[in-house]
There are 2 protein chains.
Amino acid sequence: MVSDVAQLDSVFHALAHSARRTIIQQLRSGEKNLSELAAPLKMSFPAVSKHVRVLEAARLVTRRVRGRSHFCQLRAEPFAEVSEYAEQFRQLWEQRFDALEDLLAEMQHEEKKRKGPG
Amino acid sequence: MVSDVAQLDSVFHALAHSARRTIIQQLRSGEKNLSELAAPLKMSFPAVSKHVRVLEAARLVTRRVRGRSHFCQLRAEPFAEVSEYAEQFRQLWEQRFDALEDLLAEMQHEEKKRKGPG
DNA sequence: ATATTATTCAACCAATTGGTTTAGAATTTT
DNA sequence: AAAATTCTAAACCAATTGGTTGAATAATAT
């Protein structure tokens, strides 16, 4: 586990807003400038600018200034930390699903018994 | 993808605070009541109570009241959504790591050339 | 019945968040 | 040189967050 506490704070915080997740999705297809990122979002330009700053703070986005355009690029590495964090709990959530499967299997078994000899 | 937008909002928000992640870690070893959860945290009891509510809102924790004790249990399912979300970007971050590996391999290759014929 | 324990509620506070608008700076276009 | 484009900065605002304290509630122990 490489991820320090403050980094996880900032990444999770960055991801906890749908506008920022929308920005991230847009950046999957490559670099985009702020105007392009702002287009589909129903908010003022400065608001988008602030969201991008939050993403930069979490190191999810880097900025390359070219003339008057600020091109944003997705940096996916922090997602590795998020994944790693979540995977800690895989056993726990699969355990639950297994229990649910067992329950369903049990119910189907009961169903057969009810139908079969009847 | 089952996770709706509001659910991701609340889960990421819940995870974006180290005190809440500490609570989650404590709950990995099983149910604990609020007093137990509060013990290692350097904040007042009501503050912890509020953090637990945030975790409940994100469905990361459920509460079972037994007498005057409120036992909290971890529900790991939302982590599946978090993992699923992060995994979307695996290709992207591995791409980067691959590039880094390539660079390292290249450097080692250069190193051999330098040493070898010398 | 009283005290203790476990927790919530309510009120309050400072800081942060997420948004706005207006203005300004920097870079292209005309 | 003037106009348009892209973005930041600053000031402001309402709502939320994360914390506090003090009082209230509920359950158990003495």
Side-chain angles (χ1 to χ4, degrees), chain A residues 5-27 29-74 78, chain B residues 5-27 29-74 78:
Chain A
V5 174
Q7 173 63 12
L8 273 184
D9 280 3
S10 68
V11 173
F12 281 131
H13 171 241
L15 296 177
H17 194 292
S18 74
R20 289 192 290 260
R21 292 198 302 276
T22 299
I23 291 172
I24 286 169
Q25 288 300 333
Q26 290 188 80
L27 291 177
S29 55
E31 278 192 337
K32 286 200 170 36
N33 67 18
L34 286 177
S35 299
E36 292 174 295
L37 292 175
L41 296 173
K42 285 160 191 156
M43 63 181 71
S44 69
F45 198 90
V48 176
S49 178
K50 284 185 187 179
H51 281 304
V52 170
R53 283 197 186 289
V54 172
L55 291 167
E56 287 181 284
R59 299 195 249 196
L60 282 160
V61 160
T62 53
R63 185 190 299 242
R64 179 177 64 89
V65 180
R66 193 66 177 262
R68 65 190 171 190
S69 279
H70 292 209
F71 289 100
C72 295
Q73 188 177 10
L74 190 58
Chain B
V5 174
Q7 174 64 13
L8 274 184
D9 279 3
S10 68
V11 173
F12 281 132
H13 171 240
L15 296 177
H17 194 292
S18 74
R20 290 192 291 260
R21 292 198 303 277
T22 299
I23 291 172
I24 286 170
Q25 289 300 333
Q26 289 187 82
L27 291 176
S29 55
E31 278 191 337
K32 287 201 169 37
N33 67 17
L34 287 177
S35 299
E36 292 174 294
L37 292 175
L41 297 174
K42 285 160 192 157
M43 61 181 72
S44 69
F45 198 90
V48 176
S49 178
K50 284 184 187 178
H51 281 303
V52 169
R53 283 196 187 291
V54 172
L55 291 168
E56 286 182 284
R59 299 196 250 196
L60 283 159
V61 159
T62 53
R63 185 190 299 242
R64 179 177 64 89
V65 180
R66 194 66 176 262
R68 65 190 171 187
S69 278
H70 292 209
F71 289 101
C72 295
Q73 187 178 10
L74 190 58

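In the text below, chain A, chain B and the rest are named by the order of the sequence lines, each starting its count at 1. All values reported here derive from a predicted model rather than from experimental measurement. We use all heavy atoms of the structure for the numbers below, so side chains are in, but hydrogens, waters and symmetry mates are not.
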- Which residues share a side-chain contact (heavy atoms from CB on, under 4.5 Å) with A/Ala57, sequence neighbours left out: none
- Message: Please check this pair: side chain of B/Ser29 against backbone of B/Gln26, looking for a donor-acceptor N/O pair closer than 3.5 Å.
- Response: yes
- When rounded to whole Å, the CZ to P distance for the pair A/Phe71 and D/dT5 reads 16 Å
- When all nucleic acid strands are considered with a 4.0 Å heavy-atom cut-off, which category describes B/Ser44: base, sugar-phosphate, or nothing? base
- Note on the structure: So salt bridge (charged side-chain N to carboxylate O under 4.0 Å, His left out) across residues 39-54 of chain B, not counting sequence neighbours, yields none
- Please name all residues satisfying salt bridge (charged side-chain N to carboxylate O under 4.0 Å, His left out) with B/Arg63, sequence neighbours left out, ordered by chain then number. B/Glu56
- Note on the structure: salt bridge (charged side-chain N to carboxylate O under 4.0 Å, His left out) filter on B/Glu36, not counting sequence neighbours, yields none
- Task: Using a cut-off of strictly less than 4.0 Å between a heavy atom of the residue and any atom of DNA chain D, enumerate the qualifying residues of residues 31-39 of chain A by number.
- Result: A/Asn33, A/Leu34, A/Ser35
- Residues in salt bridge (charged side-chain N to carboxylate O under 4.0 Å, His left out) contact with A/Arg21, at least two apart in sequence or another chain: B/Asp9
- Under a 4.0 Å heavy-atom criterion, the protein footprint on nucleotides 24-30 of chain D, written with B, S and -, is ---BB--
- Message: Heavy atoms within less than 4.0 Å of DNA chain D: which residues of residues 46-58 of chain B have one? Give them sorted by number.
- Response: B/Pro46, B/Ala47, B/Lys50, B/His51
- B/Phe45 CZ - C/dC9 P separation (whole Å): 12 Å
- Under a 4.5 Å cut-off applied to non-hydrogen side-chain atoms, are B/His70 and B/Val65 in contact? yes
- Item | side-chain contact (heavy atoms from CB on, under 4.5 Å) against B/Glu31, all qualifying residues, sequence neighbours excluded | B/Arg64, B/Phe71, B/Gln73
- Message: Expected output is a numbered-order residue list: members of residues 10-26 of chain A with a heavy atom under 4.0 Å from any atom of DNA chain C. What is it?
- Response: A/His13, A/His17, A/Arg20
- Partners meeting side-chain contact (heavy atoms from CB on, under 4.5 Å) with B/Ala16 (sequence neighbours left out): A/Phe12, A/His13
- Min side-chain heavy-atom separation A/Leu37-A/Leu27 under 4.5 Å: yes
- Write down the distance between NE2 (A/His70) and C1' (C/dT28), rounded to a whole number of angstrom. 13 Å
- Any pair with a residue in residues 34-66 of chain A that passes ring-ring contact (aromatic ring centres under 6.0 Å, His included), sequence neighbours left out, goes on the list, sorted by first then second residue, please. A/His17-A/His51
- Could you tell me the separation between the CD1 atom of B/Ile24 and the OG atom of B/Ser18, rounded to the nearest 0.5 Å? 11.0 Å
- Note on the structure: d(A/Arg68 CZ, A/Leu34 CG) to nearest 0.5 Å is 13.5 Å
